Number of protein chains: 2
Amino acid sequence: MDLGERKKKILGAVIEHYIRTAEPVGSRTISKLDELGVSSATIRNEMADLEEMGLLTQPHTSAGRIPSTMGYRTYVDRLMKNYEFSVSEINRLRSLMELQLTEVDSMIKELTGIYSYLTNYTIVGSSAGNNNGYIKNFHMVQIDRNSALLIVVTDKNIVKNKQIYFDCDIDSTVTEKISNMLNENLAGVVKSKINLEKIYEIQAEMDVYKSVLLPVLNFVNECIESLDNSEVFISGASKLLDFPEYSNVQKAKELLEFLDNKENLHRMAASVDNADVKIIIGNENDAIELKDCSIVLSSYNIKGKGTGTIGFIGPTRMNYSKAVSTLKLLTGQIDKLTSNKEPEGEK
Amino acid sequence: MDLGERKKKILGAVIEHYIRTAEPVGSRTISKLDELGVSSATIRNEMADLEEMGLLTQPHTSAGRIPSTMGYRTYVDRLMKNYEFSVSEINRLRSLMELQLTEVDSMIKELTGIYSYLTNYTIVGSSAGNNNGYIKNFHMVQIDRNSALLIVVTDKNIVKNKQIYFDCDIDSTVTEKISNMLNENLAGVVKSKINLEKIYEIQAEMDVYKSVLLPVLNFVNECIESLDNSEVFISGASKLLDFPEYSNVQKAKELLEFLDNKENLHRMAASVDNADVKIIIGNENDAIELKDCSIVLSSYNIKGKGTGTIGFIGPTRMNYSKAVSTLKLLTGQIDKLTSNKEPEGEK
DNA sequence: GTTAGCACTCAATCAAGTCGAGTGCTAATC
DNA sequence: GATTAGCACTCGACTTGATTGAGTGCTAAC
């Protein structure tokens with residue numbers, strides 16, 4: 001799909017205007033923008049085309065157009081220009097550079113707090129987690145003919161347990177054998193050393209009990225996954241309420257509730273691969289709660305500590321270009337502050 | 001001020017009804033409550049009396065009555081009965097008892113998260129902080145004739161600074177003297193050892209520079225206050241949006257923004273003395289942002305770690321009796337879990 | 001002291017009417 | 001063939017006015 005130069009300009013103008021105003025954009029508005037000296041009627045035709053292509057939509061006949069997810073996507077991928085910080089913005093941000101904190105985690109939280117305050121965006125993030133958690137030991141206790149309780153104790157002495165039901169009858173030799181096997185193979189092994197192959201190995205080794213093993217391993221896997229003790233946090237959640245799209249309390253509540261749940265943040269943070277900056281727009285999100293939100297995510301690296309994630313969250317019409325630029329600045333600053341972290345320095 | 005038995009009953013009925021419905025309560029509603037077999041007209045007279053006493057107010061003529069801060073206060077202090085947990089509530093809460101976590105802080109956070117989820121109230125708290133932070137050293141640099149920069153470095157290498165303006169002209173001997181004095185008297189002294197008397201002592205000693213000293217000491221005090229490295233946290237903030245009083249997004253935003261700021265939470269947490277349970281109603285709060293909120297606070301103690309604070313926050317018409325009971329249960333549970341903290345135990 | 005009755009108040013709700021921003025289409029123009 | 005002016009039409013947003021009903025205060029009777 002190729003857009004003409006003019007269509008690109010119009011799409012860009014519509015999106016940027018909508019980002020600022022949150023109001024559907026009409027053809028007259030665009031035509032007055034003097035970017036391109038054509039009348040509103042022409043714009044109307046072009047906009048009808050763009051709508052046909054699925055880049056714009058109309059909330060109802062006789063309203064202006066608003067960008068669709070695909071529209072934003074095209075904008076972000078192909079049209080967006082780099083956001084230029086104004087002098088005063090640079091000055092405000094530069095003053096942050098003077099922060100001097102030693103505890104890395106609290107520094108990052110502090111920093112995101114300030115950025116959230118300055119940009120008026122909500123920031124979510126996860127601190128750099130080490131993958132050296134492990135499971136201390138496993139216990140398996142038969143409950144009745146076809147169920148047993150699996151108990152898992154982690155290095156932090158968190159105890160998890162689950163009653164597991166089997167398709168067939170079992171006896172205590174089975175539970176014993178399984179728990180022995182788990183203890184031998186997985187107890188004390190740090191998370192980063194456990195991978196799928198290891199699990200498959202076990203599965204092969206225990207071939208006889210295959211059907212019995214599956215639910216057990218599922219739960220074990222769950223436990224291992226949740227071992228990561230990286231912390232997630234959120235700054236400036238209330239900023240979301242600034243956006244007219246959340247003037248409906250019900251909607252706002254659903255989103256805030258979603259963000260309240262650390263599990264969800266974890267999942268979000270985990271989704272970022274090593275790409276530079278990842279942008280997830282509207283219904284590209286896995287969670288339906290986020291179908292009207294966009295997320296701009298990036299990761300940072302602290303040597304000896306691992307990788308953390310940090311990102312902006314806002315309505316789909318967020319200012320992507322500013323978000324991306326700010327995020328780069330923020331992660332850059334984290335890198336800078338953590339690399340030369342010999343404190344003691346005066347201001 | 002003494003209330004007759006009937007007035008008490010009516011006040012209690014109004015408050016409890018209002019807590020449930022968030023609607024102004026009319027005389028007919030109360031009269032139908034069959035608690036006391038009198039007609040609505042009688043209730044009206046009594047309610048007029050209660051309004052005159054300042055315990056009830058009317059949002060407008062021809063609306064029912066709603067309790068005033070003073071009304072809630074009398075209710076809480078003198079009328080309120082203990083909340084009785086229902087069997088199912090007790091069962092749900094009891095299942096929490098089975099949690100086994102060792103890291104005290106994360107346990108408490110986890111616990112408050114679950115309680116927030118179950119009670120649908122927002123919970124704020126601060127973890128048990130040690131008071132052994134200190135300020136490493138002070139520097140004072142003259143900037144011009146009547147201002148100087150005060151730089152404070154804490155034990156965590158957090159650097160704070162503030163430009164301080166004086167009423168009179170100063171020279172470098174003054175700044176030098178002040179910074180020497182601060183370093184001699186306060187540098188390296190842990191927070192718990194610093195008290196008002198110490199500050200007064202300094203003030204007396206430096207009598208000559210009294211007017212100069214005041215703004216300096218103010219800032220120093222600020223720094224010392226913020227030394228406490230106990231962490232504050234909030235669980236289930238979005239629950240606030242359930243209350244119709246926050247269906248106005250503007251209002252909700254102000255409150256959430258206030259709670260977003262850790263400083264404010266810190267101040268709130270600090271305000272709890274060693275009382276059993278402290279209830280702060282509406283405009284009894286220092287912060288105007290909380291003038292429509294009530295807070296039920298309590299503290300818990302972990303031996304060897306210090307004191308933490310935990311509390312519910314909600315609209316003034318919160319269910320005080322339930323909040324108090326739940327809070328007692330919660331802090332009790334924390335005590336219990338932290339006292340016999342020999343983990344390793346199976347479920 | 002209590003209650004029934006009545007006039008009065010006032011927010012909330014609803015329907016009807018108006019307004020205006022914006023569209024799509026057609027015919028004229030460049 | 002692309003652009004534009006003009007016009008009829010659509011539809012949400014807003015205004016207005018009438019209606020409703022919950023609730024009050026007061027007075028007179030019980």
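Computed from a prediction, not measured in an experiment: that's the story for all the values here. Quick note on labels: first sequence line is chain A, next is B, and so on, each numbered from 1.
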Just list the side-chain donor-acceptor pairs under 3.5 Å for residues 36-50 of chain B, sequence neighbours left out, or say none.
residue : atom : partner : partner atom : Å
B:Ser39 : OG   : B:Ala41 : N            : 3.2
B:Arg44 : NH1  : B:Ser27 : OG           : 3.2
B:Glu46 : OE1  : B:Lys7  : NZ           : 2.8
B:Glu46 : OE2  : B:Arg6  : NE           : 2.7
B:Glu46 : OE2  : B:Arg6  : NH2          : 2.8
B:Asp49 : OD2  : B:Lys7  : NZ           : 3.2

Taking only N/O atoms, report every protein-nucleotides 4-6 of chain D pair under 3.5 Å with atom names and distance.
residue : atom : partner : partner atom : Å
D:dT4   : OP2  : A:Ser39 : N            : 3.0
D:dT4   : OP2  : A:Thr42 : OG1          : 2.6
D:dG6   : O6   : A:Arg44 : NH2          : 3.3

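- Between B:Lys251 and B:Asp292 a salt bridge is recorded (basic side-chain N to carboxylate O distance below 4.0 Å).
- Between A:Glu23 and A:Arg317, none of the side-chain N atoms (NZ, or NE/NH1/NH2) sits under 4.0 Å from a carboxylate O, so this pair counts as no salt bridge.
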Under 3.5 Å, side-chain donor or acceptor atoms of residues 52-59 of chain A against the rest of the protein: list the pairs with distances, not counting sequence neighbours.
residue : atom : partner : partner atom : Å
A:Thr57 : OG1  : A:Ile66 : O            : 3.4
A:Gln58 : NE2  : A:Ala63 : O            : 3.2

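- Within the structure, salt bridge (charged side-chain N to carboxylate O under 4.0 Å, His left out) pairs that include any residue of residues 53-72 of chain B comprise B:Glu51-B:Arg65 (at least two apart or interchain).
- In this structure, the ring of B:Tyr117 has its center no less than 6.0 angstrom from the ring center of B:Tyr115.
- For A:Lys7 and D:dA2, the NZ to P distance is 10 Å, given to the nearest whole Å.
- Here the C1' atom of nucleotide D:dT24 and the CD atom of B:Glu51 are 10 Å apart, to the nearest Å.
- Following rounding to the nearest Å, B:Glu46 (CD) and C:dT3 (P) show an atom-to-atom distance of 11 Å.
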Atom pairs, N/O to N/O, protein against nucleotides 8-15 of chain D, distance under 3.5 Å?
residue : atom : partner : partner atom : Å
D:dT10  : O2   : A:Ser62 : OG           : 2.8
D:dC11  : OP1  : A:Thr61 : OG1          : 3.3
D:dC11  : O4'  : A:Ser62 : OG           : 3.2

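- In this structure, the CG atom of A:Asp49 is 15 Å from the C1' atom of C:dT23, given to the nearest Å.
- At whole-Å resolution of the value, CZ in B:Arg28 and P in D:dT24 are 11 Å apart.
- With sequence neighbours excluded, the residues satisfying side-chain contact (heavy atoms from CB on, under 4.5 Å) with A:Ser88 are A:Ser86.
- Between B:Gln58 atom CD and D:dG23 atom P the separation is 11 Å, expressed in whole Å.
- A donor-acceptor pair shorter than 3.5 Å cannot be found between the side chains of A:Tyr246 and A:Glu254.
- One interatomic measurement links the two molecules: CD1 of A:Ile30 to P of C:dA21, which rounds to 16 Å at whole-angstrom precision.
- In the model, A:Ser294 has a side-chain atom that pairs as donor or acceptor with a side-chain atom of A:Tyr320 under 3.5 Å.
- Atoms CD1 (A:Ile43) and P (C:dG24) sit 13 Å apart, rounded to a whole Å.
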